[in-house]
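All remarks here apply to the structure that follows.
Lettering of chains follows the sequences in order, A, B, ..., and the numbering in each one begins at 1. Values reported hereafter were calculated over all heavy atoms of this structure, with side chains retained and with hydrogens, waters and symmetry mates removed.
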Amino acid sequence: MTPLAFVAVAWGALTFAASVAAIAPWHLVQPELALLLVVYLGLIGRGGAVEQVTAALCIGYLADLFAGSPRGLHALTLGVVLVAARAARSRLMVHSAWQQLVVTCLAAIAHGALIVGLTSSMYGDEAAGALGLVPRTAVATALVAPLVFWLLRRVEARLQRDPRALRAA
Amino acid sequence: MTLSRRARELVIVASLLALPLLFLRANVKSPAELNLLDRTILRASAPLQAACTTAARFVGRVGSRYLDLVHVGDENRRLVDENARLRAEVERLRLEAAHGGELEKLLALRAHTPIETIAARVVGVETSAYFRVVRLRLDRGDLEVRPGMPVIAAGGVVGRVQRVFGPYCDVLLAADPKSAIDVVVPRTGGRGLVKGMPGDNRYRMRVEYLLRKDEVAEGDEVVTSGLAGTFPRNLALGKVVKVVRRNYGLYQEVEVEPAVDFAKLTEVLIVKTPPLDEDHSEPPALPTAQGLP
């Protein structure tokens with residue numbers, strides 16, 4: 001799947017997530033779908049560094065528009081996550097569901113801390129109180145990671161029209 | 001990969017990462033401004049989002065009805081089916097009545113509010129737990145809605161319009177830590193500033209700058225003071241649920257539970273207040289904090 005396709009998938013996923021969250025009573029703790037897409041892109045996805053970073057910035061920009069956050073915030077944090085994921089891709093195994101849970105949980109904690117840190121620097125120390133959300137969001141993100149990764153593998157295999165890849169997914 | 005190519009790639013990646021940083025710095029100063037691309041994406045996404053929300057609500061209703069019937073026994077299927085159908089009908093009517101009641105309250109609020117309002121429907125909520133924003137679809141008057149306008153529901157204050165794009169707008173909830181609303185506790189007359197509590201998943205808020213000498217107690221109403229010039233006076237914001245008064249310091253710590261259930265918002269009103277620089281008079285008052293039928 002090309003990085004551009006990832007951006008399109010991110011758009012669809014964020015639209016869907018925002019709509020479902022509107023009727024779900026638990027929307028204050030919800031997985032960071034954009035983060036999962038970027039982690040998948042960095043760890044498993046194809047493409048060069050420049051292409052992938054550009055895709056991560058676009059996904060981050062969309063996440064900013066959907067989250068109501070200052071534009072550039074998620075673009076920056078997801079760009080950093082993508083670079084970190086690419087740097088770690090040759091050292092990390094993310095095949096089993098447990099590995100995906102652990103890796104995405106750690107990535108979500110780092111991402112949440114980065115968001116809280118950046119918003120604190122913009123809006124003062126009060127924003128640091130949101131640190132309490134980081135573990136809950138990380139757990140929610142990690143719990144859906146195996147499903148999201150599986151779906152992305154299926155979509156990728158379908159786009160490639162490769163039956164072996166589809167079976168493997 | 002050769003060294004020079006790798007170095008070139010690193011430079012490009014670093015430059016790409018510097019872009020959102022610059023964008024972020026610029027955006028923090030003027031968060032309400034949307035450029036053409038922002039507006040295009042948001043306007044393209046919002047109808048899709050509204051359609052998804054409607055579909056999800058429908059699926060949710062169908063799913064809940066199915067769950068009601070899961071444990072039905074075979075031997076009394078006909079009776080239980082009949083019973084379930086009637087119960088589903090009653091539930092549907094009850095929901096419709098509740099919804100009608102909500103709309104009735106909203107209409108009554110609209111009639112009691114001496115200022116012009118625009119109705120809007122919630123079509124989406126924030127996709128990040130770190131920000132408390134809801135997306136609305138406006139019934140009309142999208143050209144008249146501007147960032148900063150107050151948003152209210154039948155229960156009380158919802159928040160302020162953060163940005164507008166076509167017939168849609170984002171609302172920063174009163175429970176967001178970036179929100180600040182001037183309030184008064186009618187029983188004591190004490191004034192303060194209500195802000196969201198970061199990291200709290202119950203949408204609770206706290207009152208800042210409320211003097212320690214004001215004898216605020218749990219259960220006290222907190223209403224808008226109208227002094228900041230944006231919100232009408234006497235609009236319910238919530239009830240005091242926790243008071244921490246220390247033996248030192250000027251202020252006390254007060255926690256407030258919102259009057260509006262932000263998790264169940266469906267319809268709201270946007271208050272068309274005049275901009276402060278055009279009209280320096282105080283905003284009009286609502287009858288009472290509990291003046292809603």
Side-chain angles (χ1 to χ4, degrees), chain A residues 11-12 14-30 32-34 48-50 53-54 56-57 60-80 83 112 115-116 118-119 122-123 126-134 136-137 140, chain B residues 9-10 12-13 16-17 19-28 31 34-35 37-38 41-42 44-46 48-57 60 122-135 162-163 170-172 176-178 195 197-203 263-265:
Chain A
W11 188 4
L14 287 169
T15 305
F16 177 75
S19 306
V20 171
I23 60 161
W26 58 85
H27 63 253
L28 276 173
V29 179
Q30 55 181 297
E32 297 257 11
L33 284 182
V50 175
V53 170
T54 309
L57 295 186
Y61 167 70
L62 288 174
D64 282 328
L65 288 183
F66 277 89
S69 51
R71 276 156 293 146
L73 180 66
H74 280 91
L76 178 63
T77 55
L78 292 182
V80 171
V83 171
I115 283 187
V116 174
L118 282 167
T119 45
M122 288 183 290
Y123 299 115
E126 284 177 358
L131 266 176
L133 286 173
V134 173
R136 285 188 298 229
T137 306
Chain B
E9 202 174 70
L10 276 173
I12 294 172
V13 167
L16 282 172
L17 284 179
L19 282 176
L21 194 62
L22 296 172
F23 200 53
L24 181 62
R25 281 179 66 91
N27 190 244
V28 165
L34 293 174
N35 59 38
L37 181 63
D38 298 339
I41 291 174
L42 286 170
S45 308
L48 195 63
Q49 213 173 328
C52 280
T53 307
T54 309
R57 282 194 176 122
V122 175
V123 296
V125 300
E126 71 281 355
T127 53
S128 168
Y130 303 103
F131 301 91
R132 287 170 190 178
V133 178
V134 293
R135 183 158 296 162
Q162 191 183 37
R163 55 192 184 189
D170 283 350
V171 174
L172 185 74
D176 190 285
K178 293 193 291 298
K195 287 187 164 188
M197 291 175 64
D200 188 275
N201 66 349
R202 295 159 299 177
Y203 285 117
K264 292 179 183 167
L265 268 184

- Message: Treating A/Tyr61 as the side-chain partner and B/Asp38 as the backbone partner, does any N or O pair qualify as donor plus acceptor under 3.5 Å?
- Response: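 Between the backbone of B/Asp38 and the side chain of A/Tyr61 there is a qualifying donor-acceptor contact (under 3.5 Å).
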
- Message: Taking every non-hydrogen pair under 4.5 Å, which of A/Ala140, A/Ala75, A/Gly12, A/Gly60 racks up the most with chain B?
- Response: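 Of the options given, most contacts go to A/Ala75.
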
If I measure from the heavy atoms of chain B, does [X] come under 4.5 Å with its side chain, its backbone, both, or neither?
X	answer
A/Val83	side chain
A/Leu57	side chain
A/Leu76	both

- If you take all heavy atoms of B/Leu24 and A/Leu73, which pair is closest and at what distance?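 Closest approach of B/Leu24 to A/Leu73, heavy atoms only: CD1-N, 3.5 Å.
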
- Task: List the atom of B/Gln49, the atom of A/Ala18, and the distance in Å for their closest heavy-atom pair.
- Result: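 Distance-wise, the nearest heavy atoms are NE2-CB, 3.2 Å.
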
- Query: B/Leu37, B/Asp176, B/Thr54: which one forms the most heavy-atom pairs within less than 4.5 Å of chain A?
  - Reply: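 Of the candidates given, the most pairs with chain A belong to B/Leu37.
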
- Query: Do you know which of B/Ile12, B/Leu16, B/Asp170, B/Leu172 has the most heavy-atom pairs with chain A at a distance under 4.5 angstrom?
  - Reply: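 With the most close heavy-atom pairs to chain A, the winner is B/Leu16.
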
- Task: Drop me the distance from B/Ser45's OG to A/Leu14's CG, to the nearest 0.5 angstrom.
- Result: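 Here the rounded value is 9.0 Å.
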
